[in-house]
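Throughout, residue positions are numbered sequentially from 1 according to the sequence presented.
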Amino acid sequence: MKASETALSAPRENIFLFIPNLIGYVRILLATAACFTMTTSPWTTFTLRMTAEILDYVDGEAARYLNQCTKFGAALDIVSDRCSGLYLLLILGNFYPQHLVTFQILAVVD
């Protein structure tokens, strides 16, 4: 058996289901849920946003502790951060409509 055949037949881990990546998916869902609650329940929105931000720290620590650092996880973290920032600008635009154009410009620049 050739070395290349051995490498091809070895089981591969599904990085999409690594614990830190699952936490990243939850962060995106929490930030999205915060958008839906921002006009009706500011405290729920605050709680969802803070939970997402705490999970930002947790997923990085989990990746290092579990030795599950991947390029996909790094990209997911960046996307999660961008979504979180965009949702914050949406929330601010909702509360301060007189500054909506400024928030829209910041969203485009981000």
Is there a side-chain contact (heavy atoms from CB on, under 4.5 Å) between Leu17 and Asn21? Walk through the geometry before answering. CA-CA 6 Å; Leu17 297 178; Asn21 295 341; over 6 Å; no

Working to the nearest 0.5 angstrom, can you tell me the gap between Ile54 CD1 and Asp59 CG? 12.5 Å

Can you establish whether the number of heavy atoms outside Phe36 located under 6.0 Å from its atom CZ is more than 12? no

Do Phe16 and Leu66 share a hydrophobic cluster (ILVMFWY, side-chain heavy atoms under 4.5 Å, transitive)? yes

Can you tell me how the ring of Phe103 sits relative to the ring of His99, calling it parallel under 30°, perpendicular over 60° and tilted otherwise? perpendicular

Can you measure from CZ (Arg27) to CG (Asp81) and round to the nearest 0.5 angstrom? 5.0 Å

Side-chain donor-acceptor pair present, Ser84, Arg49, cut-off under 3.5 Å: yes

For Ser80 and Gly24, work out which heavy atoms get closest and say how close. OG-O, 3.6 Å

Counting neighbours of CZ on Phe72 that are heavy atoms of other residues, nucleotides or ligands and sit closer than 6.0 Å, is the number greater than 12? yes

Interatomic distance, Leu30 atom CG to Tyr87 atom OH [nearest 0.5 angstrom]: 11.0 Å

Are more than 12 heavy atoms, taken from residues, nucleotides or ligands other than Tyr25, located less than 6.0 Å from that residue's OH atom? yes

Quick one: does Ser41's side chain have a donor or acceptor within less than 3.5 Å of a partner on Thr37's backbone? no

Would you give the length of the straight line joining atom CG of Asn94 to atom CG of Leu89, rounded to the nearest 0.5 angstrom? 12.5 Å

Counting heavy atoms not belonging to Asn14, are there more than 12 under 6.0 Å from its CG? yes

Flag the pair Met38 / Thr44 as yes when at least one side-chain heavy-atom distance between them is below 4.5 Å, and no otherwise. no

Any side-chain to backbone donor/acceptor pair from Gln68 onto Ala62? Under 3.5 Å, distance only. no

